[in-house]
Amino acid sequence: MLQERYGRAIEEKWQKWWAENNTYGFDEKDEVRPIYSLDTPPPFTSGDLHMGHVLSYSYFDFVARYKRMQGFNVYYPQGWDTQGFPTEVRVEKKFGRLPPVQFREKCVEWTREFIARMKAQMNEMGFSPDWRYEYRTMDPEYHRKVQLSLLKMYDDKLVYRSKYPVYWCPKCVSAIAKAELDDEDKDGMMHHINFTGPDGGNLVIATTRPELMSACVAVLFHPDDERYRALDNKTIRTALGKDVPAIADKEVDKEFGTGLLMVCTFGDKMDVVWMHRYKLPMIDSIDQHGRMRNSGEFDGLKVEEAKKKVVEKLKAGGKLVKSVPLRQTVKVHDRCKTPVELIPSLQWFADIRTTAKRIKAFAEKIKWVPDFGISYLIDWVEGAEWDWVISRQRVFGTPLPFYYCEKCGATAGAGPGELPFYPEKAAGKACPCGAKMLPETSTCDVWVDSSITPLIISGWPDDEKRMARLYPASLRPQGVEIVRTWAFYTIYRSGVALTGIPPFHTILLNGNVLAPDGKKMSKSTGNIISPSDLLQDYPADAIRQWAAMSGAMAKDRPFSYEDIKYAKSFLAKVWNAARLVEKSSEGHEARGTKPESLGTIDRWINSRMSQVVEEYTRDMEAFEFHKAIRAMQNFFWHDFCDNYLEYVKHRIYGADAKAKHDAQHCLRHVLHDSIRLLAPITPHMAEELDHEVFGASESIHRSAWPAKGPVDIDAISALEKFNRVVAELRQYKARNKMAQNAELAKVRLSLPEPLSPELESELKLISKIKEVEQIKGDFGVSVL
RNA sequence: GGGCGGGUAGCUCAGUUGGUUAGAGCACUGCUUUGACAUAGCAGAGGUCGUAGGUUCGAGCCCUAUUCCGCCCACCA
């Protein structure tokens with residue numbers, strides 16, 4: 001017997017039941033059912049689920065549940081992306097600085113707590129991973145596999161150690177990748193400074209970074225710039241008295257500043273390009289902590305201090321022409337917002353430049369949903385100029401499994417017996433040059449960890465049989481904003497570098513959730529909506545429906561209270577309809593009912609149901625959840641509740657046994673199919689109704705997807721007309737302030753094609769009319 | 001500067017391969033406590049589908065141009 005209202009208590013009951021009954025268990029031994037596997041994103045263990053998680057995890061939960069009902073042996077593991085800077089910051093704040101080993105232990109401890117919290121929130125949302133396959137990137141076993149993957153790439157010459165200018169965060173004291181950069185607008189100063197030309201005259205260059213002048217190795221101008229054309233290949237003396245060549249280069253902007261610029265090896269990315277282009281000397285002038293070096297009297301000063309001192313000195317020496325304010329964009333580290341420097345340093349790299357073409361080719365073999373999603377990756381691949389810096393100078397991360405020689409620079413991989421490799425426990429290695437090699441103490445970029453998830457979940461590299469069954473994954477669902485990181489690195493590492501097979505068949509992209517005002521949710525704006533707050537007011541099934549209604553397009557979408565309220569009302573609608581069906585089912589005996597023995601109205605609702613099954617299935621196959629749920633809502637609310645339920649009430653409460661039985665049969669059939677279609681999106685309510693109304697003992701989530709029944713086109717078109725007549729009569733009663741169940745003495749119907757005698761008598765019973773007169777003509781309904 | 005997405009009702013959006021009168025929800029207005037549901041029902045009002053051309057018997061949908069918004073990339077000395 002159904003309770004009066006649907007709510008959280010019912011959801012919690014089923015969540016518990018599902019866990020106890022291993023409802024979502026993947027069957028390793030099943031050789032019959034086809035496998036459908038999901039390479040789900042391991043969320044970063046921040047401690048709380050946000051709306052973006054709820055949206056995207058709902059999507060893949062829809063897919064997993066749908067595929068289970070479609071007869072697939074669904075493999076839905078869930079992992080955690082645990083390591084990285086944010087956790088280090090929080091742990092350091094709480095426990096202070098500790099030696100690396102203890103510090104790492106604290107990070108692990110902390111992360112375990114956060115995982116527990118997030119896992120509980122996922123369960124509250126009714127997500128259905130098979131938790132037996134949970135993985136964490138911080139586990140030694142995970143480390144071992146990451147390290148093995150790197151050793152393989154090292155052997156294949158895809159991973160190497162080199163000194164190269166990298167983006168460097170002075171605050172984190174670590175190299176960072178291009179993908180970790182953010183742009184920030186800052187107010188700066190453009191300084192115009194006198195250099196000395198070949199003829200002894202002044203030449204004014206403009207720069208925002210005068211502190212780098214000691215590293216100035218050339219002065220550049222545009223070849224078409226008449227002001228400077230005569231300088232080509234001449235020598236110019238900087239304001240600090242150093243002689244450098246003047247070079248013409250067409251990438252110089254004539255209009256910017258004075259049209260004359262100084263190249264200081266590592267001022268910005270273009271400086272590095274020019275350095276290589278003109279084989280200029282390399283001078284590194286900033287150290288790892290952001291202090292000056294190789295700059296004479298300014299050595300040891302922080303960049304900002306040095307800038308002031310240099311400007312003062314130039315001013316005193318009469319070299320400073322003027323300083324004008326300038327709004328400039330500065331590259332900052334996305335995590336800590338510190339302006340980054342380009343500094344040459346010894347780091348580990350993964351080859352991207354020579355593999356880019358293959359990465360692109362692999363990406364093209366994957367099905368992208370929506371299809372334009374691939375353009376994000378292609379744009380990125382085509383713009384890739386530098387290899388990927390994979391080393392980070394951090395503690396809570398996967399150690400790089402390498403040795404290097406400080407003396408000669410040689411490198412070597414850790415031995416297979418040393419994995420998982422931890423530098424503090426490393427056995428050591430002798431270098432061919434005679435010196436002792438040191439274990440690498442840097443850790444991996446976190447994308448190195450997460451770019452092998454399709455391998456991790458498939459038993460790589462130990463279980464070849466499992467690998468053959470589970471790799472590549474059927475689906476990779478992920479956010480559109482991490483195409484150029486997670487998708488890109490995974491296709492590269494798991495696909496191109498390690499297996500030669502694209503890591504997944506299909507990639508499904510989702511957008512982000514914005515605040516209701518269309519802006520980004522952020523702590524500073526205070527417009528954050530949290531899933532746990534929503535759960536106070538809305539059942540999980542309503543929140544999940546909101547996610548479905550938000551569509552699967554890779555498009556950002558504002559959160560909508562209207563949608564979620566509607567979702568909640570729809571749950572109430574289905575619930576109440578089910579209560580009516582339950583109540584009307586009293587005395588119902590399930591016996592074979594032939595479709596052709598049913599009346600037109602019954603054949604109509606069954607046909608409409610069939611159409612919805614077809615449409616809904618098609619939409620689920622295409623990951624178009626918003627279309628599926630919309631079709632269901634419209635059908636169930638309007639066709640089934642507003643019309644069909646009202647049409648059969650007189651039969652349910654009447655004495656005609658066959659009419660009553662047929663109505664009961666159809667009510668149950670439609671409800672039964674509907675809750676099956678809804679099960680992936682509203683799993684809790686579907687489960688409750690299946691058990692309470694239909695007496696199921698197994699989970700609906702292990703039952704079969706509804707088959708499409710027959711569609712009677714004639715019944716559908718007859719009912720279109722019929723519904724219109726009923727609507728007219730409802731309107732008449734409404735206009736005349738009559739109750740909808742009030743009796744009408746006589747009604748005249750004017751129709752191009754008359755209602756059949758069967759429908760005419762149904763109409764009399766449904767609209768409570770004593771006498772109906774039909775005439776041929778344009779559509780018209782008049783009450784006499 | 002390059003790429004992608006989008007401009008449809010007051011708001012948020014849907015509109016399948018071009019095909020009668022362009023839809024939904026919310027919000028708004030009126031009526032109705034009717035044997036599941038007032039978290040409801042019945043109805044009403046609200047749109048020159050960004051703009052301008054073109055293809056077509058026919059365009060919200062296809063083509064061209066143009067404008068505005070959003071995201072990404074590059075540049076920012």
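A, B, ... follow the sequence lines: proteins, then strands. Residue 1 opens every chain.
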Using purine N1 to pyrimidine N3 plus N6-O4 or O6-N4 for Watson-Crick, or N1-O2 and O6-N3 for G-U wobble, both under 3.5 Å, which nucleotide pairs with [N]?
| N | result |
| --- | --- |
| rG5(B) | rC69(B) |
| rC37(B) | none |
| rU29(B) | rA43(B) |
| rC62(B) | rG54(B) |

Describe the nucleic acid contact of [X] in one word from base, sugar-phosphate, nothing, applying a heavy-atom distance below 4.0 Å.
| X | answer |
| --- | --- |
| Pro558(A) | sugar-phosphate |
| Met270(A) | sugar-phosphate |
| Thr329(A) | base |
| Ala577(A) | base |
| Asp556(A) | nothing |
| Phe372(A) | sugar-phosphate |
| Ala727(A) | sugar-phosphate |
| Leu645(A) | base |
| Glu646(A) | base |
| Cys641(A) | base |
| Val252(A) | base |
| Asp563(A) | nothing |
| Lys186(A) | nothing |

So, are [X] and [Y] salt-bridged, with charged N and O less than 4.0 Å apart?
| X | Y | value |
| --- | --- | --- |
| Lys708(A) | Glu614(A) | yes |
| Glu382(A) | Lys360(A) | yes |
| Arg608(A) | Asp639(A) | yes |

N/O (side chain, [X]) to phosphate O (OP1/OP2, [N]) under 4.0 Å:
| X | N | answer |
| --- | --- | --- |
| Lys269(A) | rC75(B) | yes |
| Ser560(A) | rC26(B) | no |
| Arg484(A) | rC73(B) | yes |
| His638(A) | rG25(B) | yes |
| Gln328(A) | rA77(B) | yes |
| Trp637(A) | rC37(B) | no |

Of all the choices, [options], which nucleotide is nearest to the side chain of [X] once you look at every atom?
| X | options | result |
| --- | --- | --- |
| Arg730(A) | rA36(B), rA24(B), rC42(B) | rC42(B) |
| Leu261(A) | rC4(B), rA77(B), rC37(B) | rA77(B) |
| Met190(A) | rA77(B), rU34(B), rC37(B) | rA77(B) |
| Lys573(A) | rA77(B), rA24(B), rC37(B) | rC37(B) |
| Arg5(A) | rG41(B), rA14(B), rU39(B) | rU39(B) |

Look only at the side chain of [X] and the backbone of [Y], and say whether a donor-acceptor pair between them is shorter than 3.5 Å.
| X | Y | result |
| --- | --- | --- |
| Asp183(A) | Thr329(A) | no |
| Asn576(A) | Ala572(A) | yes |
| Trp368(A) | Ala363(A) | yes |
| Asp387(A) | Arg353(A) | yes |

For the [atom1] atoms, the ones on [N] and on [M], what distance do you get once it is rounded to whole angstrom?
| N | M | atom1 | result |
| --- | --- | --- | --- |
| rG15(B) | rG23(B) | P | 15 Å |
| rU51(B) | rA59(B) | C1' | 16 Å |
| rG41(B) | rG60(B) | P | 32 Å |
| rU32(B) | rA24(B) | P | 24 Å |
| rG46(B) | rA40(B) | C1' | 24 Å |
| rG30(B) | rG70(B) | C1' | 40 Å |
| rC68(B) | rG58(B) | P | 32 Å |
| rG53(B) | rA77(B) | P | 45 Å |

Problem - Side chain Arg557(A) and base rU12(B) donor-acceptor under 3.5 Å - result: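 Such a pair does not exist between side chain and base.
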Practice task
Please confirm whether any donor atom in the side chain of Lys649(A) sits under 3.5 Å from an acceptor in the base of rA36(B), or the reverse.
Solution key: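 Yes, the side chain and the base share a sub-3.5 Å donor-acceptor pair.
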Handout entry: Residue whose nearest RNA chain B nucleotide is more 5′ - Arg724(A) or Arg618(A)
Key =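 The residue whose closest nucleotide sits nearer the 5' end is Arg618(A).
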Problem - Distance in angstrom units between Asp642(A) CG and rA36(B) C1', rounded - result: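 Nearest whole value for this atom pair: 12 Å.
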Handout entry: Whole-Å distance separating the CD atom of Glu184(A) from the P atom of rC76(B)
Key =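 After rounding, the gap between these two atoms is 18 Å.
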Problem - Heavy atoms of other groups near Arg668(A) CZ, more than 12 under 6.0 Å - result: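 Result for CZ/Arg668(A): enclosed.
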